[in-house]
Amino acid sequence: MKIIHNDGTTGECLAEEELHVLRHSAAHILAQAVKRLYPEAHFAYGPATEKGFYYDIDLGETVISDEDFPKIEAEMLKITKENLPFKSFILSREESIKLMQERGEIYKVEHIGDLADDAVISFFQQGEYIDMCVGPHICYTKALKAFKITGISGAYWKNNSENKMLTRINGVAFASKEELAEYEREMEEARQRDHRKIGKEMGLFMTDNLVGRGLPMFLPKGYTIWQELENYIKEKERKLGYQHVMTPCVGSVELYKTSGHWDHYKDNMFPAMEVEGESFVLRPMNCPHHMMIYANKPRSYRQLPLRIGEIAHDFRFEASGTLKGIERGRHFCQNDAHLFVTPDQIKDEVAAVVNLIFDVYKDFNITNYRCVLSLRDPADTKKYHQDDEMWNKAESALREVLTQLGIDFTEEIGEAAFYGPKLDVNVKPAVGAEYTLSTCQLDFCLPAKFDLKYVDNNSTEQTPVVLHRAILGSLDRFMAYLIEETKGKFPFWVAPVQVKVIPVSEKHLEYAAKVNEALENAGIRSELDSTNEKVGYKIRAARQEDRVPYMLILGEKEIEAATVSARDRDTDETTTMSLDEFIAKCKDMIANHK
């Protein structure tokens, strides 16, 4: 593909650069289309992205929605068919400012002011549209053959919340219509799996702007799943010697200054609250509280390792554009724990954490994951606690342990916590990019900051090492992961409603009620459908909307034989058995996490 550079020269584009150039050019064509449709628009930034492009635009009083996408796409298509050439030129700073002022591009003028005095200021023009840009671009607009507008969101000018909120129009672009069609197929699959859509259909959770963005509320069925996850992981931890605690959802600013979070994490916290001369903040994580629990009394090496666990409510001020249902909210509950260990216990405790992670993944049939050793970026002096000796010691220790355990891992620079390196287990969901689900972090930093001690076998005070670990991550995100992986068809033991009892007609209702009561008394989550709907409708609703694992269809035949006919959600097969047999089957699935 031929491209044009900002100095006016043309050349061939390397294969790996083609999509970037195409998508960057698509952003300019988008801007031209928007300017034609909304002449009052002013333009900020419009880069290429991994899958496409976006442009941040000041539309004044105009508000656009997804209903406007077709006309924007139609105007973009018109521009491509006009086959306008991209032309480049370079101007002096004064000429550049004058040009942008004449065109009313206030954000471009401000951007010029941010450039170095000797910066080369280049422009690209296609038709009547001129944009300040370094390029390169396609030579003619007709080279853009496959594109689509995908969404809008808000974006602050220069990513600063004190500046004006602009409208970000997002799009995708591909080299061929076939690639665009495949992308659209993947997006439709993602929509069908979206935990927000399924959560609403199944009545699992809700949000309301009156409560606040990013603050989901779990409804009875959703909270049932949440409780199952909590009980499951707590039982696993208790068997491994964890002691569970409960700590406040707030802490003093001084607590977070001591831990270092105030310096390294303040921008992700909610603002401090002033009360009676003290400053408090909603906690973004739990480690400072757990450090104080350890420091509550003298400790001996004989008491280590000490494993403190908590299902803890945390709060982080996530940007509104990043919020996504229960996958990413401003309130969430971590399956958190801190293990206080001696240096010679590190290997065994890390091994136990890793084994627990993989044991949990087996129960949930999680197979598509990879392990990452996340290290600091030594050049980033702002993000990370400054102590080269500590970092070298911690990174070497964790790398050595993972190698000795025979764990396959890759290393990634700049992904460590501010206080230490970590093992991240990243899952690849059915749709979308991978993300970290479980983590185990090695920390020599916070124990020293809180002056934690234990007495060793020589009666000498030593500083413990801390392992920060989360197995399910946050229960909220883990639940979102499960919803999207299963499309809401939860395993029997997790399902909010495990059995739906469906009488064929009203005259079978009495028997159905007795069956439902027997199931509930056996500890099985059962619901009786006593509506007047036809049995076919009841079955479809239970299977497709409620996604119930088993439906018991009860009619005359079942009453006479004192049996139940159980229809399997996943196979659609119906099996007749005694109620006792069915209850035993259910209990076996619960006990074995099926």
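Treat the numbers as computed from the prediction; the structure is a model and nothing was measured. Side-chain atoms are counted along with the backbone in the values below, which use heavy atoms only and exclude waters and symmetry mates.
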_Are more than 12 heavy atoms, taken from residues, nucleotides or ligands other than Lys200, located less than 6.0 Å from that residue's NZ atom?_
no
_Main-chain N/O of Ile471 paired with Asn335 side-chain donor or acceptor, under 3.5 Å_ = yes
*Is Arg185 salt-bridged to Glu189, cutoff N-O under 4.0 Å?*
no
*So, are Lys324 and Glu318 salt-bridged, with charged N and O less than 4.0 Å apart?*
no
*CG/Leu437 to CZ/Phe364 distance, rounded to the nearest 0.5 angstrom?*
10.0 Å
*Look only at the side chain of Arg299 and the backbone of Tyr294, and say whether a donor-acceptor pair between them is shorter than 3.5 Å.*
yes
*Do any N or O atoms from the side chain of Arg193 and from the backbone of Glu485 form a donor-acceptor pair under 3.5 angstrom?*
yes
*Checking Arg213 side chain against Thr207 main chain: does a donor-acceptor pair fall under 3.5 Å?*
no
*Does atom CG of Asp408 have more than 12 heavy-atom neighbours from other groups under 6.0 Å away?*
no
*Measuring from Leu398:CG to Leu375:CG, what's the distance to the nearest 0.5 Å?*
8.5 Å
*Please check if atom CZ in Arg238 has more than 12 non-hydrogen atoms from other residues, nucleotides or ligands closer than 6.0 Å.*
yes
*Between Thr486 and Gly488, is there a donor-acceptor pair closer than 3.5 Å when you use the side chain of the first and the backbone of the second?*
yes
*Are Glu349 and Arg307 close enough for a salt bridge, meaning some N to O gap below 4.0 Å?*
yes
_Can you classify the ring geometry of Phe205 versus His195 as parallel (below 30°), tilted (30 to 60°) or perpendicular (above 60°)?_
tilted
*asked:* If we ignore hydrogens and angles and just use 3.5 Å, is the side chain of Asn368 paired with the main-chain N or O of Pro429 as donor and acceptor?
replied: no
_Can you tell me how far apart CZ (Phe69) and CD1 (Ile152) are? Round to the nearest 0.5 Å._
5.0 Å
*Of His289, His290, His244, which meets ring pair (Phe, Tyr, Trp, His ring centres under 6.0 Å) against His338?*
His290
*Under the criterion ring pair (Phe, Tyr, Trp, His ring centres under 6.0 Å), which of Phe478, Tyr369, Tyr481 is the partner of Tyr361?*
Tyr369
*Exam field: side chain Arg525 to backbone Trp493, donor-acceptor pair closer than 3.5 Å*: yes
_Is it the case that the side chain of Asp194 and the backbone of Arg196 share a donor-acceptor pair, with hydrogens and angles ignored and the cut-off at 3.5 Å?_
yes
*Count the heavy atoms of every other residue, nucleotide or ligand shown that sit under 6.0 Å from NZ of Lys449, and state whether that count exceeds 12.*
yes
*Neighbour count >12 (heavy atoms, 6.0 Å) for atom NZ, Lys428*: yes
_Contact between Arg370 and Glu434 at the side-chain level, heavy atoms closer than 4.5 Å - yes or no?_
yes
*asked:* Could you check whether Asp363 and Tyr232, counting side-chain N and O atoms only, form a donor-acceptor pair closer than 3.5 Å?
replied: yes
*Within a radius of less than 6.0 Å around CD of Glu274, do more than 12 heavy atoms belonging to other residues, nucleotides or ligands occur?*
yes
*Roughly how far apart are His42 NE2 and Ile106 CD1, rounded to 0.5 Å?*
5.0 Å
*What do you reckon, are the aromatic ring centroids of Tyr45 and Trp157 less than 6.0 Å apart?*
yes
*Do other residues, nucleotides or ligands put more than 12 heavy atoms under 6.0 Å from the CD atom of Glu235?*
yes
*Flag yes if more than 12 heavy atoms outside Asn159 fall under 6.0 Å of its CG atom; otherwise flag no.*
no
*Consider only side-chain N and O atoms of Asp314 and Gln334, and report whether a donor and an acceptor are under 3.5 Å apart.*
yes
_Is it the case that the side chain of Asp208 and the backbone of Leu210 share a donor-acceptor pair, with hydrogens and angles ignored and the cut-off at 3.5 Å?_
yes
_Just to verify, which of Phe270, Phe218, Phe315 counts as forming a ring pair (Phe, Tyr, Trp, His ring centres under 6.0 Å) with His331?_
Phe315
*Would you say the side chain of Val172 lies within less than 4.5 Å of the side chain of Met187, judging by non-hydrogen atoms?*
no
*Taking only Lys NZ, Arg NE, NH1 and NH2, and the carboxylate oxygens of Asp or Glu, determine whether Glu110 and Lys164 approach each other closer than 4.0 Å.*
no
*Arg547 side chain to Phe490 backbone, donor-acceptor under 3.5 Å*: no
